[in-house]
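This report refers to the structure that appears directly beneath it.
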Amino acid sequence: MLPRSFFARDALEVARDLLGARLQRGGVALRITEVEAYRWPGDTASHGRHGRTERNDALWGPPGTVYIYLCYGMHHLLNLVTGADGEAAAVLVRACEPLAGLSTIRRRRGGRDGPVLLNGPGKVGAALGLDLGWNGHAVYLPGGLEAYRGTPPKEVLRGPRIGVDYARSTDRAAPWRLAVGESAWVGYRSRLK
DNA sequence: CGTCAGATGATC
DNA sequence: ATCATCTGACGC
């Protein structure tokens, strides 16, 4: 498993090293193919930009824990908290390649048929069956949601983060979205290089 | 490939 | 009012 110390670094470094890593919960296993770094301090795209609140409290927690929040009233987005305790930094998991548990993933996303494409953060949260109850969960401990070392990417693509138009222009343009180059499970591929 | 609207609900 | 999204519809 990835040790707690793995997460106690700058979010951009952790993001790079999380590409190819594995997330596992019960019979469902995913390979991380796309991430975004939300850094500390001074990142105006981060949920921590207005200070600590009830909703983002877990974001300020110790490294190696989980920050989940409800996005647009529908999707539970998964962040892995990085840096030091008391800092608001994390890596958002945007896309994954399913490795095991396809039938469970299919069931969790509802009755729809069609191919399983985990090419968006809401889909990743749904595939893992996450909700707000997972806030603060430690992924370096066995049981529940776990993070493992995986196969590093051959090529890393980079581009601006998605959906952060509200941020300062420098933060909006910062190439802190990272993706596995050879993976089909990546969203907005044309915005990467 | 691109854009767009509507769903949907907690938060500050 | 805002929002780190998804889906389906439509146009090129």
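All values derive from a computational prediction rather than experimental measurement. A note on names: the letters A, B, ... follow the listed sequences, proteins ahead of strands, and every chain is numbered from 1.
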Side chains of residues 185-193 of chain A: which donor-acceptor partners sit under 3.5 Å, not counting sequence neighbours?
from    : atom 1 : to      : atom 2 : distance (Å)
R189(A) : NH1    : G181(A) : O      : 3.3
R189(A) : NH2    : S183(A) : O      : 2.2

What is the distance from [atom1] of [X] to [atom2] of [N], rounded to the nearest Å?
{"X": "I162(A)", "N": "dC6(C)", "atom1": "CD1", "atom2": "C1'", "value": "14 Å"}
{"X": "H50(A)", "N": "dT2(C)", "atom1": "NE2", "atom2": "C1'", "value": "11 Å"}
{"X": "I68(A)", "N": "dC3(C)", "atom1": "CD1", "atom2": "C1'", "value": "17 Å"}
{"X": "H47(A)", "N": "dT5(C)", "atom1": "NE2", "atom2": "P", "value": "9 Å"}

> Quick one: is Y67(A) getting a side-chain N or O under 4.0 Å of the dA4(C) phosphate, OP1 or OP2?
Replying inline: no
Which of [range] sit near DNA chain C, with a heavy atom under 4.0 Å from it?
{"range": "residues 168-192 of chain A", "value": "none"}
{"range": "residues 88-102 of chain A", "value": "L92(A), R94(A)"}
{"range": "residues 122-133 of chain A", "value": "G122(A), K123(A)"}

R55(A) side chain, from C-beta outward: closest of dT8(B), dC12(B), dC3(C)
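Out of dT8(B), dC12(B), dC3(C), the nucleotide with an atom closest to R55(A)'s side chain is dC12(B).
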Winner on side-chain proximity to Y72(A), out of dA4(C), dC3(C), dC6(C), is dC3(C)
Margin query: Do L30(A) and L99(A) have side chains that approach each other closer than 4.5 Å (heavy atoms only, starting at C-beta)?
Written below: no
### Task
Side-chain contact test, heavy atoms from C-beta onward, threshold under 4.5 Å: evaluate it for N79(A) versus I68(A) and give yes or no.
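In short, these two side chains do not touch, never coming nearer than 4.5 Å.
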ring-ring contact (aromatic ring centres under 6.0 Å, His included) pairs touching residues 113-163 of chain A, sequence neighbours excluded, are W134(A)-H137(A)
Query - Close aromatic pair by centroid cut-off 6.0 Å: Y38(A) and H47(A) - result: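 That pair fails the under 6.0 Å test.
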For G48(A) and N56(A), the nearest pair of non-hydrogen atoms, with its separation, is CA-ND2, 4.3 Å
>> For D10(A), is there an ion pair with R39(A) - N to carboxylate O distance below 4.0 angstrom?
In response: yes
query: Looking at R149(A) and D17(A), does any basic side-chain N land under 4.0 Å from a carboxylate oxygen?
result: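 No, no charged N to carboxylate O under 4.0 Å.
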request  = Using both pair distances under 3.5 Å as the test, note the stems of at least 3 consecutive Watson-Crick or G-U pairs that include DNA chain C.
outcome  =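 B:1-7 with C:5-11, B:9-11 with C:1-3 - these are the stems of 3 or more pairs that involve DNA chain C.
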